[in-house]
Amino acid sequence: MAVSRFAYVKSFEQPDPLLPNTYIIVRVDGHAFHRLSQEHQFTKPNDERALQLMDHAAKDVMNEFQDVILAFGESDEYSFLFRRSATVHKRRHAKILSIVTSVFTSSYVFNWPKYLSETPLKYAPTFDARVVLYPSSQEVRDYFSWRQADTHVNNLYNTAFWALVQQGGETTVQAHQTLKGTMSKEKNEILYSRFEINYNKLPDRHRKGSILVREQIASAQGHNKPSTEIVLLHCDIIKDDFWQARPYLLQ
Ligand code: ATP
Ligand code: ATP
Ligand code: MG
Ligand code: MG
Ligand code: MG
Ligand code: MG
């Protein structure tokens, strides 16, 4: 058959398995969301609706991939942790990366009207993504600490920046100047003394980001397989408590 004469081209496809028995983390990040957030009038510094839409899309990824046991989101990004033993799609790099990105992006667009009903999309939002492999649980812990510390640093800066602009009457250029070189303590002080904002009282979602975790729930009588549910939290994941309460995450 003619097909067989052409089929050799398939052999040019390269195998791309991810190293076995390592933790897979996939991080998606909105492409040019600074612009997207402006063009669609996101509330600054934190548009609640947009954050909830991100959580929704992330949950859809977890429903597609049962091996994703933890996800962390902030701003326009989400990180997904696969259990170390995952063999989904034979751990093929391109397959996993492209499906995660595609499910996330598709869900973000599909569900946009549910969260931002009064703001029709002007163009199609897109996301980039990468895979990183970690050999030990310490690196996984440090990865998530790194992302949550980033959430805090960005949120403190953005909260101070937009308070100076929206309540302090500064231009964005002036606000940038005012904050240049300031330490956390000084930003907290500006927020408190000039705008009566106590940073520690701001919503957990904004200060800690979003944690989606697959929790094991006590199985109903007559069922021997423990069932799981995906829970949304906005808690600290830098300290030990979160991980000690869920040892199965780093098994
Ligand atoms: P790149 O394509 O390189 O990622 P980017 O413009 O997306 O560029 P990021 O560093 O990813 O840059 O930052 C995302 C930006 O999107 C934030 O700086 C912020 O301006 C905006 N943004 C994302 N989510 C929200 C939100 N929920 N509320 C308000 N602004 C948001
Ligand atoms: P996988 O997720 O592994 O790709 P799949 O179901 O998408 O599984 P494919 O080999 O990609 O399988 O085949 C795509 C199938 O989608 C076709 O076999 C056909 O049944 C259907 N399909 C795609 N496009 C059309 C179309 N334009 N009209 C009718 N059927 C279509
Ligand atoms: Mg980026
Ligand atoms: Mg981005
Ligand atoms: Mg980002
Ligand atoms: Mg197909």
Side-chain angles (χ1 to χ4, degrees), residues 10 13 25-59 61 64-65 71-80 88-90 92 94-109 111-119 121-132 143-167 170-173 175-176 179-180 187 197 199 202-212 232 234:
K10 173 86 178 156
E13 292 182 14
I25 291 182
V26 178
R27 182 172 72 256
V28 300
D29 184 287
H31 172 62
F33 264 42
H34 186 70
R35 172 175 170 228
L36 186 107
S37 67
Q38 281 180 338
E39 295 261 2
H40 298 88
Q41 294 93 40
F42 281 17
T43 313
K44 295 291 181 174
N46 293 291
D47 190 302
E48 198 67 26
R49 306 160 303 170
L51 292 172
Q52 285 173 16
L53 173 57
M54 290 289 290
D55 295 342
H56 189 134
K59 209 167 173 182
V61 169
E64 172 71 26
F65 288 94
F72 176 79
E74 59 154 321
S75 181
D76 68 337
E77 69 167 65
Y78 240 101
S79 300
F80 300 95
V88 62
H89 297 301
K90 302 198 173 80
R92 287 162 61 193
K95 198 82 172 169
I96 291 171
L97 183 61
S98 60
I99 296 175
V100 168
T101 316
S102 179
V103 169
F104 191 93
T105 306
S106 182
S107 173
Y108 189 91
V109 173
N111 292 300
W112 173 282
K114 292 197 186 96
Y115 294 88
L116 292 110
S117 51
E118 61 281 22
T119 316
L121 272 172
K122 290 185 185 171
Y123 57 91
T126 53
F127 290 82
D128 71 25
R130 69 205 63 193
V131 170
V132 191
Y143 175 87
F144 284 102
S145 297
W146 173 53
R147 294 328 299 150
Q148 192 167 57
D150 184 76
T151 306
H152 165 70
V153 169
N154 288 337
N155 189 54
L156 179 58
Y157 182 91
N158 291 336
T159 304
F161 180 89
W162 287 105
L164 288 166
V165 172
Q166 293 164 349
Q167 299 170 55
E170 294 191 8
T171 64
T172 51
V173 176
H176 186 74
L179 294 175
K180 209 171 169 184
K187 292 188 194 73
I197 296 173
Y199 182 79
L202 294 178
D204 286 338
R205 183 197 280 276
H206 303 169
R207 291 183 300 113
K208 304 286 182 200
S210 289
I211 294 103
L212 284 169
L232 175 64
H234 308 290

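Numbers for residues simply follow the sequence, beginning at 1. When a ligand or atom number is given, it counts from 1 through the structure's own listing order. Fair warning: this is a prediction, and the values are worked out from it, not measured in the lab. We use all heavy atoms of the structure for the numbers below, so side chains are in, but hydrogens, waters and symmetry mates are not.
Atom NE2 of His234 has more than 12 heavy atoms from other residues, nucleotides or ligands within 6.0 Å. The number of heavy-atom neighbours closer than 6.0 Å to NZ of Lys90, taken from other residues, nucleotides and ligands shown, is 12 or below.
When distances from the Mg ion (ligand 5) to the N, O or S atoms of Asp29 are compared, OD2 comes out shortest. Atom OD1 is the N, O or S atom of Asp76 at the shortest distance from the Mg ion (ligand 5).
Residue Leu51 approaches ligand 1 through these ligand atoms, each under 4.0 Å from one of its heavy atoms: 27 (N). Each of the atoms 2 (O) of ligand 1 lies under 4.0 Å from some heavy atom of His31. Close contacts of ligand 1 with Asp29, meaning ligand atoms under 4.0 Å from a residue heavy atom, involve 4 (O), 11 (O). For ligand 1, the atoms closer than 4.0 angstrom to any heavy atom of Phe33 are 5 (P), 6 (O), 7 (O), 16 (O), 21 (C).
Between the side chains of Tyr199 and Thr159, not a single donor N or O lies within less than 3.5 Å of an accepting N or O.
For ligand 1, the polar-atom distance check finds no N/O of Arg35 at less than 3.5 Å from any of the ligand's N/O atoms. In terms of polar-atom proximity, Ala32 is counted as a contact of ligand 1, with an N or O under 3.5 Å from an N or O of the ligand. Considering backbone and side-chain N/O atoms, Ala50 never comes within less than 3.5 Å of an N/O atom of ligand 1.
Residue contacts with ligand 1, taken as heavy atom pairs separated by less than 4.0 Å, involve Phe42 solely via side-chain atoms from C-beta onward. Counting heavy atoms closer than 4.0 Å to ligand 1, residue Ser37 contributes side-chain atoms (C-beta onward) but none from N, CA, C or O. Residue contacts with ligand 1 for Lys44 involve side-chain atoms from C-beta outward but no N, CA, C or O (heavy atoms, distance under 4.0 Å).
Distance check: Ser210 OG to Gln52 CD gives 9.0 Å after rounding to the nearest 0.5 Å. Taking OG1 of Thr105 as the reference point, atom CG of Asp128 lies at 9.5 Å (rounded to 0.5 Å). Expressed to the nearest 0.5 Å, how far CG of Asn46 lies from NE2 of His206 amounts to 4.0 Å. The distance from the CZ atom of Phe33 to the NE2 atom of His40 is 9.5 Å, given to the nearest 0.5 Å.
Residue contacts to the Mg ion (ligand 5): Glu74 brings no N, O or S atom closer than 2.8 Å.
Residue contacts with ligand 1 include Thr43, since one or more of its heavy atoms lies under 4.0 Å from the ligand.
Judged by the 6.0 Å distance and 45° axis criteria, Arg35 is positioned over the aromatic ring of Tyr123.
For the pairing with Tyr78, the side chain to side chain contact (heavy atoms under 4.5 Å, CB included) check across Val61, Val100, Asp55 returns one residue only, Asp55.
Selection from Asp47, Asn154, Asn46 by nearest heavy atom to atom 27 (N) of ligand 1 gives Asp47.
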- Under the ring pair (Phe, Tyr, Trp, His ring centres under 6.0 Å) rule, what do Tyr108 and Phe127 come out as? Steps first, then yes or no, please. CA-CA 10 Å; Tyr108 189 91; Phe127 290 82; 5.2 Å; yes
